[in-house]
Student: 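Sending over a structure as structure tokens; questions will come in a sec.
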Amino acid sequence: EDEFEEGYRYAKFALSLMKKIPTRAHDGMIMFYSNLTKLYVEPAQSSIECYLDAYKAHMKSGNPYAVACSLVHSTLCLWSGKELDVAVVAM
């Protein structure tokens, strides 16, 4: 369990660096992998909106990982009992 906590600290550090650096080319990737780490530490419901933000960042940069963010977002909505119509409209 300590390794998950350490990974989560690194993920938060990466997100804080992302906000300080003006380039936006890799924001989606940083957000995607930070959210994957977050799933091991926090409840899944707290990551749903984060994947939506990562999806939007990927779409802005034209990165095909937008599809992965969309898949994980929809899956988390399903597992958490959220209305799927709301998830579709959000994308």
Side-chain angles (χ1 to χ4, degrees):
E1 189 169 320
D2 292 331
E3 292 175 0
F4 291 119
E5 293 292 332
E6 185 176 355
Y8 184 57
R9 281 197 315 269
Y10 282 119
K12 290 194 319 189
F13 178 66
L15 289 171
S16 68
L17 282 179
M18 180 188 79
K19 292 177 184 175
K20 292 180 183 178
I21 298 173
T23 181
R24 298 289 173 226
H26 301 288
D27 285 359
M29 295 300 288
I30 294 168
M31 294 164 78
F32 179 75
Y33 287 112
S34 296
N35 291 334
L36 283 178
T37 306
K38 189 177 185 180
L39 285 174
Y40 287 97
V41 180
E42 295 183 9
Q45 292 86 352
S46 67
S47 294
I48 292 174
E49 295 306 315
C50 297
Y51 275 106
L52 187 58
D53 294 338
Y55 169 78
K56 291 176 184 176
H58 280 297
M59 290 300 287
K60 283 182 184 176
S61 66
N63 194 326
Y65 266 84
V67 176
C69 290
S70 175
L71 173 69
V72 175
H73 176 265
S74 302
T75 304
L76 289 176
C77 287
L78 176 68
W79 288 346
S80 66
K82 204 171 188 184
E83 291 283 330
L84 294 182
D85 292 341
V86 176
V88 170
V89 170
M91 299 310 263

Student: Do any N or O atoms from the side chain of His58 and from the backbone of Gly28 form a donor-acceptor pair under 3.5 angstrom?
Tutor: yes

Student: Would you say Ser70's side chain and Ala66's backbone share a donor-acceptor pair under 3.5 angstrom?
Tutor: no

Student: Can you find a pair of side-chain heavy atoms, one from Tyr33 and one from Tyr10, that are under 4.5 Å apart?
Tutor: no

Student: Who passes salt bridge (charged side-chain N to carboxylate O under 4.0 Å, His left out) against Lys12, sequence neighbours left out?
Tutor: none

Student: Can you name the nearest heavy-atom pair linking Lys38 to Cys50, along with the distance?
Tutor: NZ-SG, 3.2 Å

Student: Determine whether more than 12 heavy atoms belonging to other residues, nucleotides or ligands lie under 6.0 Å from atom CE of Met29.
Tutor: yes

Student: Has the side chain of Tyr55 got a donor or acceptor atom that lies under 3.5 Å from a matching backbone atom of Leu71?
Tutor: no

Student: Do Ile48 and Tyr65 share a hydrophobic cluster (ILVMFWY, side-chain heavy atoms under 4.5 Å, transitive)?
Tutor: yes

Student: Between Glu49 and Lys82, does any NZ, NE, NH1 or NH2 come within less than 4.0 Å of an OD or OE carboxylate oxygen?
Tutor: yes

Student: Side chains of Leu76 and Leu39: does their closest heavy-atom pair fall under 4.5 Å?
Tutor: yes

Student: For Ala54 versus Cys69, what's the shortest heavy-atom pair and its separation?
Tutor: CB-SG, 3.7 Å

Student: How long is the gap from OG on Ser34 to OH on Tyr51, to the nearest 0.5 Å?
Tutor: 9.0 Å

Student: Calculate, to the nearest 0.5 Å, the distance between atoms CD and SG belonging to Gln45 and Cys77 respectively.
Tutor: 10.0 Å

Student: Please answer: with hydrophobic residues joined when any side-chain heavy atoms are less than 4.5 Å apart, are Leu52 and Met31 in the same cluster?
Tutor: no

Student: Check each of Leu36, Ile30, Asn35 against Phe32 using the side-chain contact (heavy atoms from CB on, under 4.5 Å) test, and report the only one that passes.
Tutor: Leu36

Student: In chain order, what residues pass the salt bridge (charged side-chain N to carboxylate O under 4.0 Å, His left out) check against Arg24, with sequence neighbours excluded?
Tutor: Asp27

